[in-house]
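This report concerns only the one structure given below.
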Amino acid sequence: MNSIAIRRTSVLALSAAITASLLTLAPTAAHAADQDSAGAAGAAGAAPAGRAVSGEAAPFELAAAAPAAKKGKVYRATVRCDIVTNKGGHTVRKETGKGKGKTKVAAVNDAKKNVKVPKGYYKRHCKEI
């Protein structure tokens with residue numbers, strides 16, 4: 001099979017899956033209320049505002065909607081690092097940084113990135129406090 005035939009086959013399979021999922025749709029409660037009012041208005045000879053009487057497509061929503069994604073736990077960390085001069089290699093002062101992440105390790109790494117280091121210095125010995 002060449003690549004065009006494979007793509008066409010996968011598109012047809014995707015189309016069939018979408019069609020099957022559309023068949024499992026349920027009408028919304030708002031649409032049911034519109035239909036009730038349309039039936040009463042239709043009996044009186046007037047169509048509901050903004051709606052066509054014949055050939056109207058009903059609004060649908062998925063019967064089994066995906067649940068809202070839960071927020072995961074957020075870890076927070078504070079680290080203190082030595083600020084060391086490039087010349088001489090001695091500690092000048094200590095700086096702190098705060099960070100957060102999905103795991104404790106990610107939070108500590110984010111905090112290390114957030115430590116302010118002036119030009120001509122570097123940080124080392126970062127420890128969580």
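These numbers come from a predicted model, not from an experiment. Side-chain atoms are counted along with the backbone in the values below, which use heavy atoms only and exclude waters and symmetry mates.
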>> Rounded to the nearest 0.5 Å, what separates atom NE2 in His90 from atom CG in Asp82?
In response: 11.5 Å
> In the hydrophobic clustering (ILVMFWY, side-chain contacts below 4.5 Å, transitive), which residues join Ile83, or is it alone?
Replying inline: Val79, Val92, Val108, Val115, Val117, Tyr121
> Any donor-acceptor pair under 3.5 Å linking the side chain of Asn114 with the backbone of Gly97?
Replying inline: no
> To the nearest 0.5 Å, what is the distance between NZ (Lys112) and NZ (Lys127)?
Replying inline: 10.5 Å
>> To check you understand the geometry: which heavy-atom pair defines the closest contact between Glu95 and Lys116, and what is its length?
In response: CG-O, 3.8 Å
> What is the distance from atom NZ of Lys94 to atom SG of Cys81, rounded to the nearest 0.5 Å?
Replying inline: 9.0 Å
>> Please find the pair of heavy atoms, one from Gly99 and one from Ala111, that lie closest to each other, and give the distance.
In response: N-CB, 3.5 Å
> What are the two closest heavy atoms between Arg93 and Pro118, and how far apart are they?
Replying inline: NH2-CG, 3.4 Å
>> Restricting to non-hydrogen atoms, name the atom on Asn86 and the atom on Tyr122 that form the minimum distance, rounded to 0.1 Å.
In response: OD1-CD2, 3.1 Å
